[in-house]
Amino acid sequence: MSLKIYNSISSQKETFTPLVEGRAGMYVCGPTVYSDVHIGNVRTFVSFDMIYRYLLYLGYKVRYVRNITDVGHLEGDVDTGAEDKISKKARLEQVEPMEVVQRYTLGFHHVMRLFNTLDPSIEPRATGHILEQIEMVQKIMDKGYAYEVDGSVYFDTVKLIKEADVYGKLSGRKVEDLLVETRELKKQNEKRNPADFAIWIKAEENHLLRWNAPWSEGFPGWHLECSVMSTKYLGERFDIHGGGNDLKFPHHENEIAQHYGACGNTPANYWLHTNMLLMNGRKMSKSEGNFITPEQLFSGESEHISKAYSPMAVKFFFLQAHYGSTLDLNDASLGAAEKGYRRLLEAYNTLNQLSSEIPRSDKPLAIEIEEGIKAAFEEMDDDFNVPKSLARLFEMCATINKMADGQLDVNDAGQYSLDIAKKGFKNLLIDIYGLSDESAAGTDDHMNQLDGLMKLVIDMRQQARQNKDWPTSDKIRDTLAAIDIELKDGKEGTKWVIGK
RNA sequence: GGUCGGGUGGCCGAGUGGCUAGGCUCAGCUCUGCAAAAGCUGCUACAGCGGUUCGAAUCCGCUCCCGACCUCCA
């Protein structure tokens, strides 16, 4: 079976065929670092992290580029005096724009690390590529797809629409509508047509971020940095371009336009878009109070949740829905995900304890295990369907627990299928989904010491239980529970696990 | 208003023509000093109304509702 990807530009699942065999280039629109990272934003990057990891698992040599936008992203309406987001924040807080950039870039990285995502191969910044952006503007002008008005340069969308059938494809926009748009032209408007957009903007007197360019002292338009950096690091044509659904228009559509204007072709073969994270069925909105930050999720300090959730529980919650679907974040669902995640993780740990005296079995149990794992991987090939893949693993949890309980005979499974299961769980859970066992945090030395200590405590409790000294045995259990160590009595003795 | 995507059991969430998704919750049972854990069993849904079909959650039409985008947004 081969990997199939839902391509936004064709609205169809397509077999993934990289431009260069064995290699994959992926560009994902990163955050604009003007404030703390949005939890919805995190979902998008967790999704692409999973996609990156799966491509790596499949053996592709992947170059994963995710940018940091630190200039050019405007707030408000360009025509009526918009302000750069970074600039505005810097002005409000009376700091250097680069201080704003530094603070929120570090914050973003910190949250990404908590969610156990891999770093991209390259994480370029817009301000580090001003020269290239100026060059691209020039290139677009040379090809006749842009015009200058009083120091600002605009992309001639109308010309592109007339000459090439590339604009509007991604967002499903009808170009006729764009051409006849009757939006009122506001004062100061320099564009020939409302569909045109700025690629170089002349800086006003008080604008903090500015660079010298042939047209004016100014700054690049939003959209441009992605075109420049994707082209620079992945080439004029590359495999995958990703981002949030809300970037389809105008951001990605304009990227395609610029890229065509400069290079004469469209940039990416496959466009992937993640869907929005909702909260309590509605769009997250700061102004409406329908909002929660990653920190609040981890601390539990929010009116929207009843308790704290660990980063992995939240990540698991994300993974239970397909990246292309909207997902509703709420307290009950987070709680359900947390429990499910723990159960899965415990089954994984249980699995790793299992072994068989039979090297290889051909009994139904062995076949069931081998096919279950195979199915879990096949779901991944179907447009990274993690929810279905997880469902296959959950189905195996019961089998694992029964083997551990002696209700099923491990020798009917045989070592070979057990090894396949162990490897499969490890590959999926740890390598591909990017989950980590938070209870296993700490150094190996500490874990060994803790483990020895727990063996002693469990042994003492066992003694008390044999003596029917219930107060003592319950005190041990309850005291441990109070510090989040749970004891689980089973047929094979008592196990312990850290967690609430 | 325009464009696109959705409405699935108590909750979340997969699923595009026939076969049990899965998780959580809940109930009963087994195990157990009690509890938890673990296991077993049960809970059969697809917004509404028409239509196509031997057969539809899945295709078509209409209605209602929700979300996203429409140059701030992952």
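Values reported hereafter were calculated over all heavy atoms of this structure, with side chains retained and with hydrogens, waters and symmetry mates removed. Residue numbering restarts at 1 for every chain, and letters A, B, ... go by the order of the sequence lines.
- Stem analysis of RNA chain B (Watson-Crick or G-U pairs, both distances under 3.5 Å, runs of at least three) returns B:1-7 with B:64-70, B:10-12 with B:22-24, B:26-30 with B:38-42, B:47-51 with B:59-63.
- Ring geometry for A:F155 against A:F197 counts as parallel: the plane angle stays under 30°, on a 0 to 90° scale with 60° as the upper cut.
- A straight line from CG of A:L345 to C1' of B:A37 spans 15 Å, rounded to a whole angstrom.
- Using atom P as the reference point in both B:G7 and B:C59, the two lie 10 Å apart (nearest Å).
- Rounded to an integer number of Å, the gap from NE2 of A:H251 to C1' of B:A74 is 11 Å.
- Below 30°, between 30° and 60°, or above 60°: for A:W271 and A:H252 the angle between ring planes is between 30° and 60°, a tilted geometry.
- Comparing B:A36, B:U71, B:G33 against the side chain of A:R465 picks out B:G33 as the nearest.
- Atom CE of A:M26 and atom P of B:A74 are 17 Å apart (whole Å).
- Proximity of A:N401 to the phosphate of B:G39: a side-chain N or O atom is located under 4.0 Å from OP1 or OP2.
- Nearest-nucleotide mapping onto RNA chain B: of A:F197 and A:Y6, the residue sitting toward the 5' end is A:Y6.
- Looking at A:L297 and A:L334, their side chains come closer than 4.5 Å, going by heavy atoms from C-beta outward.
- If you take atom C1' in B:A68 and the same atom in B:U16, they sit 22 Å apart, rounded to whole Å.
- If A:K468 and A:G244 are placed on RNA chain B by their nearest nucleotide, the residue sitting closer to the 5' end is A:K468.
- In this entry the distance linking CZ of A:F249 with P of B:C69 reads 13 Å, nearest Å.
- Put simply, CD on A:E346 is 14 Å from C1' on B:G39, counting in whole angstrom units.
- For residues 329-350 of chain A, every residue pair satisfying the ring-ring contact (aromatic ring centres under 6.0 Å, His included) rule, not counting sequence neighbours, is listed here: A:F316-A:Y341.
- In this structure, the NZ atom of A:K402 is 17 Å from the C1' atom of B:A37, given to the nearest Å.
- Separation of the P atoms belonging to B:U3 and B:U58 is 24 Å when rounded to the nearest angstrom.
- The closest side-chain heavy-atom distance from A:K88 to A:E93 is not below 4.5 Å.
- Residues A:I430 and A:F425 fail the side-chain proximity criterion, which asks for heavy atoms closer than 4.5 Å.
- Nucleotides B:A35 and B:G42 place their C1' atoms 24 Å apart, quoted to the nearest Å.
- Residues A:E123 and A:H109 share a closest heavy-atom pair of OE1-NE2, 2.5 Å.
- Applying the 3.5 Å distance criterion, the base of B:A35 shares a donor-acceptor pair with the side chain of A:R477.
- A distance of about 42 Å separates the P atoms of B:U52 and B:U41, rounded to the whole Å.
- Residues meeting the side-chain contact (heavy atoms from CB on, under 4.5 Å) test with A:N411, sequence neighbours left out: A:S356, A:E357, A:I358, A:D409.
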**OP:** Could you walk me through whether A:I432 and A:F377 pass the side-chain contact (heavy atoms from CB on, under 4.5 Å) test, one step at a time?
**Re:** CA-CA 10 Å; A:I432 297 171; A:F377 280 102; 3.9 Å; yes
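- Side-chain atoms of A:S152 and A:W200, non-hydrogen and from C-beta on, never get closer than 4.5 Å to each other.
- The side chain of A:K488 approaches B:A37 more closely than any other nucleotide in the set B:A37, B:C34, B:A74.
- Applying the 3.5 Å distance criterion, the base of B:A35 shares a donor-acceptor pair with the side chain of A:D489.
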Once base and sugar-phosphate atoms are separated, protein heavy atoms under 4.0 Å mark nucleotides 12-27 of chain B, 5' to 3', with B, S and - as SSSS-----BSSSS--
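- The distance between atom CZ of A:R461 and atom P of B:A37, rounded to the nearest whole Å, is 14 Å.
- Between A:H207 and A:F219, the ring planes are parallel. Angles under 30° get that label, and only those over 60° would be called perpendicular.
- For the C1' atoms, the distance linking B:C43 with B:G22 amounts to 16 Å, nearest Å.
- With hydrogens and angles ignored, the 3.5 Å screen pairs no side-chain donor or acceptor of A:T274 with any backbone N or O of A:T44.
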What are the atom names and distances for every N/O pair under 3.5 Å that joins the protein to nucleotides 43-45 of chain B?
none

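- The separation between A:N41 atom CG and B:A68 atom C1' is 16 Å, rounded to whole Å.
- With sequence neighbours left out, A:K169 forms a side-chain hydrogen bond (donor to acceptor under 3.5 Å, both in side chains) with A:D165.
- Neither OP1 nor OP2 of B:A68 sits under 4.0 Å from any side-chain N or O of A:K248.
- Nucleic acid contact for A:G243: sugar-phosphate only, since backbone atoms but no base atoms lie under 4.0 Å from a heavy atom of the residue.
- B:C4 and B:G10 have their P atoms separated by 33 Å, with the value rounded to a whole Å.
- Heavy atoms of other residues, nucleotides or ligands lying less than 6.0 angstrom from NZ of A:K422 number more than 12.
- Comparing B:C70 with B:A14, their P atoms are spaced 24 Å from each other, to the whole Å.
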